[in-house]
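Values reported hereafter were calculated over all heavy atoms of this structure, with side chains retained and with hydrogens, waters and symmetry mates removed. Treat the numbers as computed from the prediction; the structure is a model and nothing was measured. One-based numbering, in listed order, for ligands and for the atoms of each.
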Amino acid sequence: MLTMQLADQDFWGNNTEGFVFFLGENLDGFVNHAHLEHIEQQYYPHLRTVLKRHKFEGKKGQLYTLTAPNNDQIKQFIFIGLGKQSKKSYIDLETLRRALGTMVLTLKKLSIETAIFSLPNEEIYKISAEELLKQTAIAALMASYDFTELKSNKDSHPEWNGNLFIKIADDKKGNFASALQQATIIGDAMNQVRRWCDLPGNFATPTYLSQEVEKIAAEHHLACTVFGHEKAAELGMGGFLAVDAGSHQDGKFVVLEYKTKEKNAPTIALVGKGITFDTGGISLKPSESMHGMKYDMSGAAAAIAVMKIIAQLKPEVNVVSVTPFVENMPDGSAQRQDDVIRFMNGKTAEIKSTDAEGRLILADGLCYAEKFYTPETIIDIATLTGACLIALGYYYTGLMTQDDTLLEVLPKIGFATGDRTWPLPLDDDFKAANNSPIADLRNTGSGEYKAGTITAGCFLQEFVKNARWAHLDIAGTADGVPGISYLGRGSAGASIRLLVEFVMNYRTYMGTTQIPEHEA
Ligand code: BES
Ligand code: ZN
Ligand code: ZN
């Protein structure tokens, strides 16, 4: 657990053990030099010489720690490098997030529970001091997350209850308490669902997750609907039912609704893929490719985290999350290759691979969202294709949309929040890949067309009629991201920061309620 608070007293007056300093290259640029002088006067007369001698030059990611006794207390000084200021402010902001990550990991490792740092000058980052505080506090909370609950030896994984004081220069103006509170809401909800993602498939079943969502709904006064295969059959959800058929775990279709008090507010729908484990089904995955398939519900988890967050931050838009939770298993009752299924909107698809199951449950999810909520905008989030991991790797979520505004806005928000996304084209040329001789569609793009991420996007597009729509493929970004201190190697909470910012400032980004173009 990490708690953070604003330090209202003088930096050194604080009774903390850890003092953290973020230094630019050549120990310059980002830090309040009075601090270094203070350490030199009180503890280490030649601090800057010591740092240089030990080759701490403030290079990006560099870390140096010093310990000093002070009466009966020990003071720990932690220096973290921010490198040279880059040409792009969003890169510097990301560097700072990672420095915060390094800070939290170091405090944990040294079992330091109280520490203080001061915020660098926001001008470098071209954002307000409030926003800088929010961004850094979210990163610190993300870094504090780990998943050790299934370890039985608690001594080797002691709990860390960090208490972090953030000092803001006295001349800065802003509602810092509110910024910190928002960050806490975002970070805590994100860490709650990262845990769901890290929980293996034998724990995080559709039933377990639907109950967890019901708890969130009760706590935050969100309307919640949960149903299984019977209601799904009534609604004609052949995609949901086809994937559900192969598992002994009952699938759960889960819907959460947030309503603003604003009249005539537009509705945004978030549709998330919630496969609690993806074996591939009858088109069984090879063993190595099956590792990590517990994360195949990360899209649904992200959508639900966003709901929990906005229930507290209260934007002036309506938001609904539609998250089918299903386990994809091979079984005597599982769907076969060559089967033809019919979705909620009446369209049919020939099953070429039962491993392309995400698009089947999402197809019904998209239909459901549009039919019952007439959203102005739909965003779906899914660990949809291994091809996306090949195309973009771990650092960028794949974005596919034919909506110019979404195409412009989502990558921009990605850079601002550190939750990066990059577009892939979604031209109609790719559509032919999904043609079937016997049904409306086939569920895997024909190999002739390659571009498996895009053809999967084209498949989903068939299930959106009127709404403005974007598809986020988080197959690469959801988990196992290498080299980013504040993400760890488990669930990364991909697209939560992106979507919270998008929803919170929806009207600013999308313009005042535009009437979406309707198909003839
Ligand atoms: N859940 C997988 C996609 C995936 C792969 C996510 C690797 C994260 C890492 C998805 O259901 C799947 O199996 N997709 C197939 C589609 C193919 C059969 C057209 C794939 O990517 O191989
Ligand atoms: Zn699959
Ligand atoms: Zn899958």
Could you pull out the atom name of the N/O/S atom in Asp296 that is nearest the Zn ion (ligand 3)?
OD2
Answer yes or no for Asp355: is there an N/O/S atom below the 2.8 Å cut-off from the Zn ion (ligand 3)?
no
For ligand 1, what are the residues with a heavy-atom contact below 4.0 Å?
Lys273, Asp278, Lys285, Met293, Asp296, Ser353, Asp355, Glu357, Arg359, Thr383, Leu384, Thr385, Gly386, Thr444, Ala475
Look at Arg468 together with Asp403 and state whether they make a salt bridge at an N to O cut-off of under 4.0 Å.
yes
Testing Glu357, Gln335, Gln337 one by one against Ser283 for a side chain to side chain donor-acceptor pair (under 3.5 Å), which residue passes?
Gln337
Between the Zn ion (ligand 3) and Lys273, is there an N, O or S atom separated by less than 2.8 Å?
yes
Please determine whether a side-chain nitrogen of the Lys or Arg among Lys231 and Glu234 lies less than 4.0 Å from a carboxylate oxygen of the Asp or Glu.
no
Which of Asp473, Asp419, Thr421, Thr477 passes side chain to side chain donor-acceptor pair (under 3.5 Å) with Thr397? It is Thr477
Do the side chains of Asp339 and Arg336 get close enough for a salt bridge, i.e. N-O under 4.0 angstrom?
yes
Between OE1 of Glu357 and OD2 of Asp278, what angle is found at the Zn ion (ligand 2), rounded to 10 degrees?
100°
So that I can tick it off, tell me whether Lys465 and Glu370 are bridged by a salt bridge, with the cut-off set at under 4.0 angstrom between side-chain N and carboxylate O.
no
Would you check if the distance from the ring center of Tyr368 to the ring center of Phe253 is below 6.0 Å?
yes
Presence of salt bridge, Asp188 and Lys308, under 4.0 angstrom:
no
